[in-house]
Amino acid sequence: MLVVAGARPNFMKVSALWHALSALRHPFAPMLVHTGQHYDYQLSQVFYRDLDLPPADFSLGVGSGSHAEQTARVMIEFERVCLEQSPGLVVVVGDVNSTLACALVAAKLGVPVAHVEAGLRSFDRSMPEEINRVLTDAVARFLFTPSRDAVENLRREGVPDGSIFFVGNVMVDTLLRFRQKAEALAPWREFGFAAGAYGVVTLHRPANVDNQDVLLEILEGLSVIQDQVPLIFPAHPRTAARIRAFGLGPLVARMRNLRVVEPLGYLQFLSVIGHAQFILTDSGGIQEETTMLGVPCLTLRVNTERPVTLTGGTNRLVRTNRQHIIEAVRDLDSAHGCFTDGLPEFWDGRAAERIVSLLAPVFS
Ligand code: UD1
């Protein structure tokens, strides 16, 4: 069995599977493949350390590039590994380019594919991740969904019921496993902030950061907010590069209460968001983590593939213009900052265990 990780958000999902596979007596001999889609220490290696993952058995070292270049390089390198190893199953997680690339390779070699986090849909094909989700699900044999809406999405697309398995959310497994360890770190102290008295910002979606006007609107919104509440901003390399390229560095530098830092590791980030007053983000996974932690999440997007975080969580969608962002943060005060109404079904720390139990009889 080959388990694939490519980019930052994959490691938390792979970690849950890895620990479930290690805990049970199972018939697979799992091997970890890191495609190298992310390669900076803070976007990849730090997660091995934080999430107790062993070194990858195969490091494909594909690096950055256009979508076609990156996807193609992963395919070429992963095909070599598949041909050499003849795996009985390839497990892919999430919705990044590596997910689709490895699923396609395996499917064409006749190797069954398991997709963990199947069925999520934003119904927005301008997002590269949406294309990755739809196509990965189309070639997967085992579709493990984190929520019931995902089951319905797959049924609508004609996926047979026998291939769909509602197991819950593996990100949640990892959060529950490592929460206590993260708690001990309290990194906000290093930033000079008090628990519960700061906000966290993350931005990396091309729709937000690759467009100068949109990025400027967001930064102008942050400029007003940081006057009232200090903000920590772990900047993704894509975002840092765009800020420089658009000449927005001076605007950021003028924000005295905006602390721009390197991307944080898993434990540090979990600890930071767990004690934040609110999060402003365009990430997918953070919408789920904040729901688990009961921390208000303002998602700077017009849609989400994770609607349970809106209906049963702490998430709200906020349009990316200055005024909407400022008002969304202001409105949190009157709502006491939390809109949780119970946690989504099966977000209980046992999703990976369910996956392994479902796969074991098929491959024994
Ligand atoms: C990718 C995923 C996205 C995920 C995000 C998490 C796709 C299509 N996108 O987006 O779904 O939410 O990861 O971070 O798969 N770079 C570095 N160091 C690295 C990796 C990237 O400096 O280790 C820089 C490069 O300049 C690169 C840019 O960041 O061109 C973007 O990286 P890329 O992997 O293409 O996309 P992300 O924006 O990270």
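Values below: all heavy atoms of this structure, side chains included; hydrogens, waters and symmetry mates excluded. Residue numbers count from 1 along this sequence. Bear in mind the structure is a predicted one, so any value in this text is a computation, not a measurement. Both counts, for ligands and for their atoms, begin at 1 and track the order of listing.
Taking atom 27 (C) of ligand 1 as the reference point, the nearest protein heavy-atom neighbour is Ser64 OG, 3.4 Å. Nearest protein heavy-atom contact of atom 39 (O) of ligand 1 is His38 NE2, 2.7 Å. Closest to atom 17 (C) of ligand 1 among all protein heavy atoms lies Tyr39 OH, 3.4 Å. Of the protein's non-hydrogen atoms, Asp40 OD2, 2.9 Å is the one closest to atom 18 (N) of ligand 1. The closest protein non-hydrogen atom to atom 7 (C) of ligand 1 is Gln37 NE2, 3.6 Å. Protein heavy atom closest to atom 3 (C) of ligand 1, with residue, atom name and distance, is Glu129 OE2, 3.2 Å. Among all non-hydrogen protein atoms, the one lying nearest atom 8 (C) of ligand 1 is Asn97 OD1, 3.2 Å. Counting only heavy atoms of the protein, atom 22 (O) of ligand 1 lies nearest to Pro237 CB, 3.2 Å.
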Test ring pair (Phe, Tyr, Trp, His ring centres under 6.0 Å) on Phe346 and Phe166; report intermediate values, then the result. CA-CA 9 Å; Phe346 279 179; Phe166 172 38; 5.0 Å; yes
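Taking every non-hydrogen atom of Arg238 and a distance limit under 4.0 Å, the qualifying atoms of ligand 1 come out as 29 (O), 31 (C), 36 (O), 38 (O). Atoms of ligand 1 found under 4.0 Å from any heavy atom of Val96, numbered from 1 in the order shown, are 2 (C), 11 (O), 15 (O). If you number the atoms of ligand 1 from 1 as listed, the ones under 4.0 Å from a heavy atom of His67 come out as 8 (C).
Glu217 and Thr320 form no side-chain donor-acceptor contact under 3.5 Å, judged by distance and modelled atom types alone. Side-chain contact, His19 with Asp52: no donor N or O sits under 3.5 Å from an acceptor N or O. The closest side-chain donor-acceptor pair between Asn97 and Gln37, if any, does not fall under 3.5 angstrom. Defined by atom type and a distance below 3.5 Å, a donor-acceptor pair is present between the side-chain atoms of Thr299 and Asn315.
Taking distance alone, with nitrogen or oxygen atoms compared against 3.5 Å, His236 approaches ligand 1 more closely than that limit. The shortest N/O to N/O separation between Asn132 and ligand 1 does not fall below 3.5 Å.
Ligand 1 is approached by Pro9 to a heavy-atom distance shorter than 4.0 Å.
The number of heavy atoms from other shown groups lying within 6.0 Å of CD (Glu262) does not exceed 12.
Comparing heavy-atom distances from atom 5 (C) of ligand 1 across His204, Gln45, Arg8 singles out His204 as nearest.
The distance between the ring centers of Phe11 and His34 falls below 6.0 angstrom.
Looking at residues two or more places apart in sequence or on another chain, you find a side chain to side chain contact (heavy atoms under 4.5 Å, CB included) between Arg73 and Val62, Glu69. With sequence neighbours left out, Thr304 forms a side-chain hydrogen bond (donor to acceptor under 3.5 Å, both in side chains) with Gln287.
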